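Atoms considered below: every heavy atom in the structure, side chains included; atoms not considered: hydrogens, waters and symmetry mates. Counting begins at 1 with the first residue of the sequence. What you see is a predicted model, and the numbers here were worked out from it, not measured in a lab.
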Amino acid sequence: MAIIGIDLGTSNSAAAVLRGGRPVIIPSAEGISLGGKAFPSYVAITADGQMLVGEPARRQAAANPDGTASAFKRKMGQRITVRLREREFTPEQLLGLPVAENQA
């Protein structure tokens with residue numbers, strides 16, 4: 001039986017599996033980022049409507065500030081919205097958006 005642990009942090013998220021009794025971080029497709037965390041907590045919508053999450057979203061944040069959200073997990077449970085391009089999302093929607101958008 002495999003055991004997977006998830007750190008759903010406010011700035012970064014990571015997942016690890018136990019191998020030989022020791023936790024090993026599961027890297028994202030882009031590899032493990034600075035500080036050992038696998039997924040920076042960024043979500044972005046590009047000008048052509050493409051959804052980006054993690055490291056790809058972080059890398060383009062300076063060029064796409066109106067389409068990028070970070071630190072939104074710090075506002076979970078609050079009655080606020082985050083605007084990405086012409087759309088508004090709650091922090092909870094942003095957290096689940098990549099999965100929902102990719103499955104649509």
Participant: Let me check something: do Met51 and Leu84 share a hydrophobic cluster, defined by ILVMFWY side-chain heavy atoms less than 4.5 Å apart, either directly or through other members?
Facilitator: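 In one cluster with Met51: Leu84, yes.
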
Participant: Could you give me the CA-CA distance, side-chain angles and deciding distance for Val17 and Arg19, then say whether side chain to side chain contact (heavy atoms under 4.5 Å, CB included) is met?
Facilitator: CA-CA 6 Å; Val17 64; Arg19 288 195 185 141; 4.0 Å; yes

Participant: What are the two closest heavy atoms between Gly9 and Lys73, and how far apart are they?
Facilitator: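 Scanning both residues, the minimum pair turns out to be O-NZ, 2.7 Å.
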
Participant: Among Asn64, Thr46, Asp66, find the one that has a side-chain hydrogen bond (donor to acceptor under 3.5 Å, both in side chains) with Arg85.
Facilitator: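 Of the listed options, the one satisfying the test is Asn64.
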
Participant: With a sphere of 6.0 Å drawn around CD of Gln78, does it hold more than 12 non-hydrogen atoms of other residues, nucleotides or ligands?
Facilitator: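 Buried by this count: over 12 neighbours within 6.0 Å.
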
Participant: Establish whether Tyr42 and Met76 are linked, either directly or via other cluster members, by ILVMFWY side-chain heavy-atom contacts under 4.5 Å.
Facilitator: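 In one cluster with Tyr42: Met76, no.
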
Participant: When you compare the side chains of Ser11 and Arg74, does any donor N or O come within less than 3.5 Å of an acceptor on the partner?
Facilitator: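 Yes, Arg74 and Ser11 have a side-chain donor paired with an acceptor closer than 3.5 Å.
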
Participant: Could you state the interatomic distance from CG (Leu52) to OG1 (Thr68), rounded to the nearest 0.5 Å?
Facilitator: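 Interatomic distance, Leu52 CG to Thr68 OG1, rounded to 0.5 Å: 8.0 Å.
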
Participant: State, to 0.1 Å, how close Gly49 and Ile45 come at their nearest heavy-atom pair, and which atoms those are.
Facilitator: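 Closest approach of Gly49 to Ile45: CA-CG2, 4.0 Å.
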
Participant: To the nearest 0.5 Å, how far apart are CG in Leu8 and OG in Ser13?
Facilitator: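 The CG atom of Leu8 sits 4.5 Å away from the OG atom of Ser13.
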
Participant: Any heavy-atom pair between the side chains of Asn12 and Phe39 that's under 4.5 Å?
Facilitator: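 No, too far: nothing below the 4.5 Å cut-off.
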
Participant: If you measure from NZ on Lys75 to CD on Glu92, what distance do you get to the nearest 0.5 Å?
Facilitator: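 CD of Glu92 is found 12.0 Å from NZ of Lys75.
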
Participant: Hydrophobic clusters join Ile, Leu, Val, Met, Phe, Trp and Tyr when side-chain heavy atoms are under 4.5 Å apart, directly or via other members; which others share one with Leu18?
Facilitator: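 So far as hydrophobic clustering goes, Leu18 is joined with Ile3.
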
Participant: State which residues pass side-chain hydrogen bond (donor to acceptor under 3.5 Å, both in side chains) with Thr10; sequence neighbours excluded, sorted by chain then number.
Facilitator: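 Thr10 satisfies side-chain hydrogen bond (donor to acceptor under 3.5 Å, both in side chains) with no residue once adjacent residues are dropped.
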
Participant: Can you see which heavy atom on Ala69 is nearest to which on Leu94, and at what distance?
Facilitator: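 Ala69 and Leu94 have their closest heavy atoms at CB-CD1, 4.0 Å.
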
